[in-house]
Amino acid sequence: MHAALGPPLRRARRRLGRWFDHLAPRGCATCGAWLAPGALPGFCVGCLAELPGARRPRCARCGQPTDRWAPACTACAGAGADAVDATLAAADYAPPLDRVVTALKFGRRLALARPLGELLAARWLGALPAVPLDGLVPVPLGARRLAQRGFNPSLEMARAMSAALPVPLPVLRGRLRRVRETSPQSGLGLAERRRNLLGCFACDARLDGLRIGLVDDVMTSGSTVAEAARVLRAAGAASVVAIVVARTA
C-alpha cells in the first residue's frame, strides 16, 4: 500500500513521475492543453476554474447544490441520521467533466483515472472544515461489469487520489465486495434504486474505528453510496464520507 512507503521512497516516486512528465508532457483532461511537469491536478488552470459547479454551495451531507453552505439541506435534515456522514463532490455532472467520466468508464481510457483521482485529492485537501480519513474504499464492480470494462474506475481513481496526496492514504482494496449483480440504476426511481441495491455489498474485514473515504465517479440519487456505507458501518467503520468526481442535481 502507498501508506507503507517511507518519506524517501514517496519523494523518489514523485521525482520519477515528474521525470516521466518531462519525457511525455500530459495534456489537460478536458481541453488537451499541455501541462507543466508534475502539475496537479491534471487539468489546465482555465478548465479547472470552469469546472461546472465546483464553487457552488452544497449540502455537506448529500452534496446537492444549495443556496448557501449548510451542514444539511432540508431533505437531509428531515431524513435524520444517514449512513454517509458527508459528501465531497468535485463538481457537477455536466459538460465537459461528464465526457471525461464517460470516456474513463465506457471508453476504457484508463489514463483519465489519474487526473480525476488528482481532482478528488484536491477536493479532499481543500475541504472546510477538514475531513479526517484513515483509508479509501472504492465502490466495487460486479464480476460481469468488471470483465466488460477490464478495470474498476473507482479503484483506479482511489489509487491516483492517494498518490497525489502529500501523505498517501491506504487504498483498502477488496474490503468492500459486490456480491450480487444489479440492474442498471438509470431509469429507476428512488425507491426502486434502493431495492435494487439492497444486499449487493459485503465487507469481509473489520474496520473498527476507521474513518473511511468511499470513492466513486458519479453520485446521482445517493443510493449506491448509502448502501455501501451501511455495510461499512456494520463492519465497524466510525464514519463514511463519499468522495465523488461529480454530483447530479
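- When atom types are taken as modelled, the side chain of Asn152 and the backbone of Ser154 share a donor-acceptor pair closer than 3.5 angstrom.
- In this structure, Leu35 and Cys44 have side chains that are in contact, with non-hydrogen atoms separated by less than 4.5 Å.
- Qualifying side chain to side chain donor-acceptor pair (under 3.5 Å) partners for Thr87, counting only residues two or more places apart in sequence or in other chains: none.
- Using a 4.5 Å cut-off on side-chain heavy atoms (C-beta onward), Phe106 and Val101 make no contact.
- Between the side chains of Ser239 and Asp85, not a single donor N or O lies within less than 3.5 Å of an accepting N or O.
- Two residues are said to be in side-chain contact when any heavy atoms from C-beta on lie closer than 4.5 Å; Leu112 and Glu156 fail this criterion.
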Next item on the list: Walk me through it: do Leu136 and Leu172 pass the test side chain to side chain contact (heavy atoms under 4.5 Å, CB included)?
Entry: CA-CA 6 Å; Leu136 303 175; Leu172 307 178; over 6 Å; no
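- Of all heavy-atom pairs between Ala238 and Arg233, the closest is O-NH1, 3.4 Å.
- Atom CG of residue Leu120 and atom CG of residue Leu88 lie 9.0 Å apart, to the nearest 0.5 angstrom.
- Taken to the nearest 0.5 Å, the CZ atom of Arg56 stands 12.5 Å off from the CG atom of Leu51.
- Annotation for Trp69: atom CH2 counts as buried by contact number, over 12 foreign heavy atoms lying within 6.0 Å.
- Salt bridge status for Asp67 with Arg58: absent, with no side-chain N to carboxylate O gap under 4.0 Å.
- The two residues Ala237 and Ile212 come nearest to each other via the heavy atoms CB-CG1, 4.0 Å.
- For the atom pair CG of Asp98 and OG1 of Thr248, the computed distance is 11.5 Å after rounding to the nearest 0.5 Å.
- Across all non-hydrogen atoms, the minimal contact from Pro168 to Pro166 is CD-O, 3.8 Å.
- Smallest separation of non-hydrogen atoms from Pro41 and Pro115: CB-O, 4.3 Å.
- Under the salt bridge (charged side-chain N to carboxylate O under 4.0 Å, His left out) criterion, Arg206 pairs with Asp208, sequence neighbours left out.
- Between Met157 and Leu104 there is a side-chain heavy-atom pair separated by less than 4.5 Å.
- Contact of the Phe201 side chain with the Val139 side chain is registered, since non-hydrogen atoms from C-beta on lie closer than 4.5 Å.
- At least one side-chain heavy atom of Leu155 sits under 4.5 Å from a side-chain heavy atom of Val171.
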Check: Does the side chain to side chain contact (heavy atoms under 4.5 Å, CB included) test come out yes or no for Leu169 and Trp124, once each step is laid out?
Finding: CA-CA 12 Å; Leu169 288 168; Trp124 179 61; 3.9 Å; yes
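- The shortest non-hydrogen separation linking Ala202 to Val179 is CB-CG1, 3.6 Å.
- Once rounded to the nearest 0.5 Å, the distance linking CZ of Phe151 with CG of Leu110 reads 5.0 Å.
- Exactly one residue among Arg123, Arg26, Arg159 makes a salt bridge (charged side-chain N to carboxylate O under 4.0 Å, His left out) with Glu118. That residue is Arg26.
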Item checked: side chain to side chain contact (heavy atoms under 4.5 Å, CB included) evaluation trace for Thr30 with Val100 -> CA-CA 7 Å; Thr30 52; Val100 181; 3.7 Å; yes
Margin query: Test side chain to side chain contact (heavy atoms under 4.5 Å, CB included) on Arg149 and Lys105; report intermediate values, then the result.
Written below: CA-CA 7 Å; Arg149 294 180 185 175; Lys105 291 177 64 174; 3.9 Å; yes
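- Pro65 places none of its side-chain heavy atoms less than 4.5 Å from the side chain of Pro57.
- Contact detail for Cys62 and Cys59: the closest heavy-atom pair is N-SG, 3.4 Å.
- Look at Asp204 and Arg175 and you find no salt bridge, because none of the NZ, NE, NH1 or NH2 atoms lies under 4.0 Å from a carboxylate O.
- Exactly one of Val231, Val240, Leu232 qualifies for a side-chain contact (heavy atoms from CB on, under 4.5 Å) with Leu207. That residue is Leu232.
- Note that CG of Leu97 is 6.5 Å distant from CG of Leu119, once rounded to the nearest 0.5 Å.
- Here the side chains of Val137 and Val215 are not in contact, with every heavy-atom distance at 4.5 Å or above.
- Taken to the nearest 0.5 Å, the CG atom of Asp216 stands 11.5 Å off from the CZ atom of Arg247.
- Of the residues listed (Leu214, Val225, Val241), the one engaging Val84 in a side-chain contact (heavy atoms from CB on, under 4.5 Å) is Val225, and it is the only one.
- Under the 4.5 Å side-chain heavy-atom criterion for grouping Ile, Leu, Val, Met, Phe, Trp and Tyr, Val245 is not connected to Leu40 through any hydrophobic cluster.
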